[in-house]
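Here's the structure we're looking at; comments come further down.
For reference, positions follow the sequence shown, starting with 1.
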Amino acid sequence: MADAVVRCLRDGRLDGEHAPALAVQGSLQCCPLAARAMLHLAAAVASNAAAGKAQARGLVVVAFDRSPEVYLDFMRRSGLDSNALGRCVRILDCYSDPLGWKQNIRSQSHQEDSGTPCSTNKDNITIFRSVKDVDKLLCSIIDLGRGFEGESKTYFSVAIDSISSMLRHASVQSISGLLSNLRSHDQISSILWVIHSDLHEPKFSRAFECLSTMVACVEPEGVDSAYGEERNGNISFLEHNYSKAKFHVRLKRRNGRVKHLYEELRVEGYDVKFLSASSLSMEVNQSLLPKVQFNLELSEKERSDRANVVLPFEHQGKGEPIRIYDGRRSLPEAQQDPDLTKTALLDETKAPKSATAKGEIHYIRDSDDERPDSDEDPDDDLDI
């Protein structure tokens, strides 16, 4: 399933459409695991760009929650060499000095100019010192992406490691506008971000979810997603929650359909692995069935008894085709009443009537006071 997400980010956008977007939602209980999932996906996008398998020629990482060295070290462990990192990865450092205070202190001590919001300390790391200005942040991301080498139009991907940290300095409307502008930019191939959903009101999380085409929810392993109850455990169980989690993904197709996928996320040392959990999903579905005190299925004996029930008005032919009587003379002539055949009726009309009648109905009125039937109400004389 993580491979399906990586493929969507690798394939990028189509002409006339916005870039595909992935929102990784995590909680405080599994915050490190959501960050590891972000690192894994960002490294996969960078690897595809370095190998020339992706639409994007590079990846721009906007780092708010951790140092840029963490990203570079993880990508080196994922197989990217220094040449590929310098060619396909750019990091906008909003972690080291987000508000420019460190630069102000140095400028006051050395009498330097502190007006520049960005500065570069390495080839692929640019420090950004004005995170409150969302417009400058957008321009800085676009400028870094345009620096990738490529033929004709150069596409690039964007990864933002924490929307929650951005919300400390800017409003929901401005950050939503930033993401929307990034998705609609004609050079951006794909975008992904992380948000800690339990730190914000549900309406804010849903607002950012509406801007995405894929939503990945990282849930702790020790919480039942159906009832939200935490299982009993000790410290070792809490440590287990920081090495294993549930990874749910909702993929929004272009035709409007939504596909739900589920895997298990495991962290083993520096490696992040996604394991299929189809069997566990079946167990969860079986446990959600209602428990009743009676059996809803029929046994073999009950099925045979039901098949042998004789229905009313049904001609049960022994070895003959079964015909259902519909109130009309639809039986074959061999089964018709001989008294009602055409020849019998003709003989009856030609022959003189016999003295004995076959059947008559006689009606005798009880008294002359009995009125014939009419449409009048028989209770009109009552005073009701």
Side-chain angles (χ1 to χ4, degrees), residues 1-6 8-9 20-45 61-67 70-71 74 94-95 158-170 172 175-176 179 190-231 233 237-252 260-275 277 280:
M1 178 188 60
D3 295 337
V5 175
V6 173
C8 292
L9 297 175
L22 169 65
V24 181
Q25 295 183 354
S27 61
L28 291 178
Q29 292 179 331
C30 56
C31 180
L33 295 177
R36 286 300 187 94
M38 170 69 181
L39 288 172
H40 174 81
L41 296 172
V45 173
V61 179
V62 185
F64 275 90
D65 269 6
R66 53 193 60 84
S67 172
V70 175
Y71 291 95
F74 187 87
C94 302
Y95 172 82
V158 179
I160 303 175
D161 66 352
S162 180
I163 295 295
S164 300
S165 297
M166 296 180 66
L167 288 172
R168 295 164 53 190
H169 307 289
V172 177
I175 298 176
S176 299
L179 297 177
S190 60
I191 180 173
L192 63 153
W193 64 80
V194 178
I195 182 171
H196 303 298
S197 55
D198 55 351
L199 295 180
H200 315 287
E201 296 182 25
K203 61 180 181 180
F204 295 154
S205 300
R206 288 194 295 268
F208 293 108
E209 183 177 336
C210 292
L211 294 174
S212 64
T213 57
M214 298 173 286
V215 179
C217 299
V218 181
E219 300 178 357
E221 181 71 17
V223 175
D224 190 350
S225 61
Y227 302 100
E229 298 177 356
E230 185 173 354
R231 303 171 187 169
F237 172 74
L238 297 177
E239 293 177 352
H240 175 75
N241 253 357
Y242 283 95
S243 60
K244 185 185 298 185
K246 301 175 183 178
F247 194 71
H248 299 267
V249 174
R250 298 194 303 272
L251 298 173
K252 301 176 185 177
H260 294 263
L261 302 173
Y262 169 70
E263 279 185 350
E264 187 179 83
L265 186 151
R266 290 186 181 181
V267 176
E268 299 176 359
Y270 290 97
D271 296 332
V272 178
K273 296 182 179 180
F274 293 89
L275 304 177
L280 181 59

Exercise for review: Measure across Ala4 and Leu261 and return the closest heavy-atom pair with its distance rounded to 0.1 Å.
Suggested key: CB-CD1, 4.5 Å
Practice item. Evaluate the side-chain proximity of Leu41 to Val6: yes if any heavy-atom separation is below 4.5 Å, no if none is. Key: yes
**Study point:** Gap between atom CD of Glu219 and atom OH of Tyr262 - 0.5 Å precision
**Key:** 8.5 Å
Review point. What pair of heavy atoms forms the shortest contact from Leu39 to Phe74, and how long is it?
Key: O-CE2, 3.4 Å
Study note, to complete from the structure: For Phe274 and His40, the nearest pair of non-hydrogen atoms, with its separation, is CE1-CD2, 3.3 Å
Practice item. Could you tell me whether the side chain of Met214 reaches within less than 4.5 Å of the side chain of Leu192, counting heavy atoms only? Key: no
**Study point:** Pro20 to Cys8 - nearest heavy-atom pair and separation
**Key:** CG-O, 3.8 Å
Review point. Shortest non-hydrogen contact from Ala34 to Gly26?
Key: CB-CA, 4.2 Å
Practice item. State the CD-NZ distance between Glu264 and Lys246, to the nearest 0.5 angstrom. Key: 9.5 Å
Check your understanding: Only one of Lys252, Arg250, Lys203 clears salt bridge (Lys or Arg N to Asp or Glu O under 4.0 Å) with Glu209; which?
Key -> Arg250
Study note, to complete from the structure: So CD1 of Ile191 and CG of Leu9: to nearest 0.5 Å the spacing works out to 10.5 Å
Study note, to complete from the structure: Rounded to the nearest 0.5 Å, the CD1 atom of Ile175 sits from the CG atom of Leu211 at a distance of 11.5 Å
Donor-acceptor pairs are to be reported for all side-chain atoms of residues 160-168 against protein atoms at under 3.5 Å, with residues two or more places apart or in another chain.
unit_1	atom_1	unit_2	atom_2	d
Asp161	OD1	Phe64	N	2.8
Asp161	OD2	Phe64	N	3.0
Asp161	OD2	Asp65	N	3.0
Asp161	OD2	Tyr71	OH	2.9
Ser162	OG	Asp65	OD2	3.3
Ser162	OG	Ser165	N	3.0
Ser162	OG	Ser165	OG	3.0
Ser164	OG	His196	N	3.0
Ser164	OG	His200	NE2	2.8
Ser165	OG	Asp65	OD1	2.4

Exercise for review: Report the residues that fulfil side-chain contact (heavy atoms from CB on, under 4.5 Å) with Ala207, sequence neighbours left out, ordered by chain and then residue number.
Suggested key: none
Point to revise | Nearest-0.5 Å distance, CD of residue Glu201 to CZ of residue Arg206 | key: 9.5 Å
Practice item. Would you indicate whether the side-chain heavy atoms of Trp193 and Val24 approach each other to under 4.5 Å? Key: no
Review point. What distance separates Lys273 NZ from Lys244 NZ, expressed to the nearest 0.5 Å?
Key: 12.5 Å
**Study point:** Partners passing side-chain contact (heavy atoms from CB on, under 4.5 Å) against Ser27 (at least two apart in sequence or in another chain)
**Key:** Gln29, Cys30, Asp198, Pro220
